[in-house]
Amino acid sequence: MCGITGIVTRNSDNIGELLVKCSKKLTYRGYDSVGVAAVRNGIVDLRKDVGTIEEVNRLLGLSTMRGDRGIAQLRWATYGAPTKVNAQPHFGCEEVFYGAHNGNIHNYVEYKRELIETGHIVRSENDGELCVHAVDKYYEETGDMFESVRRSTHDLKGAYAYAVGRADEQEIYAVKMGSSLVAGIAGDATIVSSDLPSVLPLTNNVIYPADGEMLVLTPDDVKVFSIEDGERLDRHPQISTVDAGAAEKGGYPHFMLKEINEQPKVVQDVMGILEGPRNEEWLQLLEEASRHYIIACGSSYNASIVGTYYFNRLAGVPMIHAIGGQFQPMYGKTMDEGSLSVLVSQSGETKDILNVLNLVKTENYGKTLGILNVIGSTLMFQADSYIPMACGYEVSVPATKTYFSQSVIFAYLAAKLGERNGHIDSSEAKSFIKQLQNDLPRLTQVTIDRTGILAKNLARTMMNVKDLYCLGYGFTDGVAKEGALKIKEICYNHCEGMYSSEFKHGPLSIVTRDYPVIFVTTTEDSWMVINHINEVRARHGRTIVVGEYEETLQPYVANKLDYLVVPKSDALINPLLDVIPLQLLSYYISVDLGINPDLPRNLSKTLTVD
Ligand code: BG6
């Protein structure tokens, strides 16, 4: 999943500087390679190489490139290895057409063959290059850039967005066909990019094109057209209130640590939204549905597992949770018009989730409720309704505050639904919601403050641990899986998240002396988890416990460091707090290993490819 940015200015000559400044905000989208094409006096200067934008800028002086328009691309490799030739932007046959894409061209192999057979000089193994050649091909036929861009989409199959230009034309053209795209109009410049954070350094006067639309950028305006018939569409820019500062580290060494520390405020902000006027709409969707599915990927999926336990306990409603890519083969035939699909995606652009959205829409399988963080995302525009997670932008690739917000949203909705369907009495629902509102922000802060030091010390003892398990039980099932994911994502160590009662049915064989197993507990289930801890200790494994301090658990940790104690709270608040020491543990191990937790290798924050 990549990030593209195109800028057209009236009279500045520092296009390299502008493109680097804006594109830097998209680093979480890809850091396998970076390139800039800058146009000056009808000549395209193209520089690109492997590495992050900082590294390639240092190497090739991207920010010194001159010109009044250009395109930049940050790559997360899919088609073609992360090499210099596969880096984007690309040229067409000659150094006249220049462009870059984000997304996937599914007919890559056949279309590349067709282009080569018709004499095109295709230089790379990257599917983005075919977008430029498609425009090049139609320009030969039409001699008209607008028509060439419009018709190029006839040849290109898949979900993508791209920006393209011609050396001797001032305009930059962009196409949205399934991947995210945002445009902006500043005083004397216009911009198109994959995401809002890279538009905000230039302007907050933004336009959200829809799929099947194309843009023509000139220095003063962004015009929107329908790709199908070329008709001009009336799209008025809107002022974005998203705070660009969210994309700054604010004095923290990493965005991840900053975002962990933002969780107390995230609870307050999301509770404000949940208690607001729109909650009736969301609760009605939940109430009216005959069957409920939660579909998500990565950390959003782990939060959805936690959500399933809250809906069971507080509302007596079974939530069928599934991973995005698994949903269709696993449940695709079990849906009907009475179903509700809760689609959970902080970015609102994850392709695996949008595929389920399209399935539900095309098959008329009921309603969709999006739980998302990025305002202006495809999921926001296309779901029947959506709940904003109110986290502000999450820049670090490993999710933290967004996972936390999702868990709070599920706990809240389950309590409200349970109150409405009579599964719990109103006083119990009200008291729990009061705790979410009044106690949880404070408890979250105390947990961060207390377990920060504990996690830092424990991390030092786990530097050389290459393989471990993180086990949960009941409400901490999803929490343990999230802890395991964090350790995999940013420490590059194998950590499997699993249900603790299942460990004895096979994986226990891996335990030898001092083999580390983390147990994530709640006061409600620790009596059961103690059995599972014993099974590991009997084989001299190292048991690490995360949870409230309980006398009964003390004897089960070899030394004090192996007990990450969270503050006392209600049994249903406890699972929300337990994730914080796991976030911090993975963060400190990662930093101690010299890894940048914000940009873990091979990953990307938002995957808009299959
Ligand atoms: C991955 C990210 O690409 O997508 C994870 O690296 C994230 O951090 C997952 O949890 C799902 O993303 P989203 O935006 O759909 O919640």
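Counting starts at 1 for both ligands and their atoms, in listed order.
The main-chain N or O of Asn126 is never found under 3.5 Å from a side-chain atom of Glu129 such that the two would form a donor-acceptor pair. At least one donor-acceptor pair closer than 3.5 Å links the side chain of Lys488 to the backbone N or O of Cys495. Between the Tyr301 side chain and the Ile294 main chain, no donor and acceptor come within less than 3.5 Å of each other.
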Mind listing the side-chain donor-acceptor pairs of residues 323-334 below 3.5 Å, one per line with the distance, residues two or more places apart or on another chain?
| unit_1 | atom_1 | unit_2 | atom_2 | d |
| --- | --- | --- | --- | --- |
| Thr334 | OG1 | Tyr293 | OH | 2.6 |
| Thr334 | OG1 | Tyr331 | O | 2.7 |

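Asp610 and Lys351 are joined by a salt bridge, as a carboxylate oxygen and a charged side-chain nitrogen come within less than 4.0 angstrom of each other. A salt bridge is absent between Glu262 and Lys265; no separation between the charged side-chain nitrogens and carboxylate oxygens falls under 4.0 Å.
Here the heavy atom of the protein found nearest to atom 16 (O) of ligand 1 is Ser300 OG, 2.6 Å. Nearest protein heavy-atom neighbour of atom 4 (O) of ligand 1: Lys605 O, 3.8 Å. Protein heavy atom in closest approach to atom 5 (C) of ligand 1: Glu489 OE2, 3.9 Å. Atom 7 (C) of ligand 1 has its closest protein heavy atom at Ser299 N, 4.2 Å. Protein heavy atom closest to atom 11 (C) of ligand 1, with residue, atom name and distance, is Cys297 O, 3.4 Å.
At least one heavy atom of Leu607 sits less than 4.0 Å from an atom of ligand 1. A heavy-atom separation below 4.0 Å is not found between Glu349 and ligand 1.
Under 4.0 Å from ligand 1, the heavy atoms of Thr350 that appear belong solely to its side chain. No part of Ala296 comes within 4.0 Å of ligand 1, judged by heavy-atom distances. Heavy atoms from both the backbone and the side chain of Val397 come within less than 4.0 Å of ligand 1.
Between the side chains of Asp195 and Ser198, not a single donor N or O lies within less than 3.5 Å of an accepting N or O.
Geometrically, ligand 1 and Ser604 share a nitrogen or oxygen pair separated by less than 3.5 Å.
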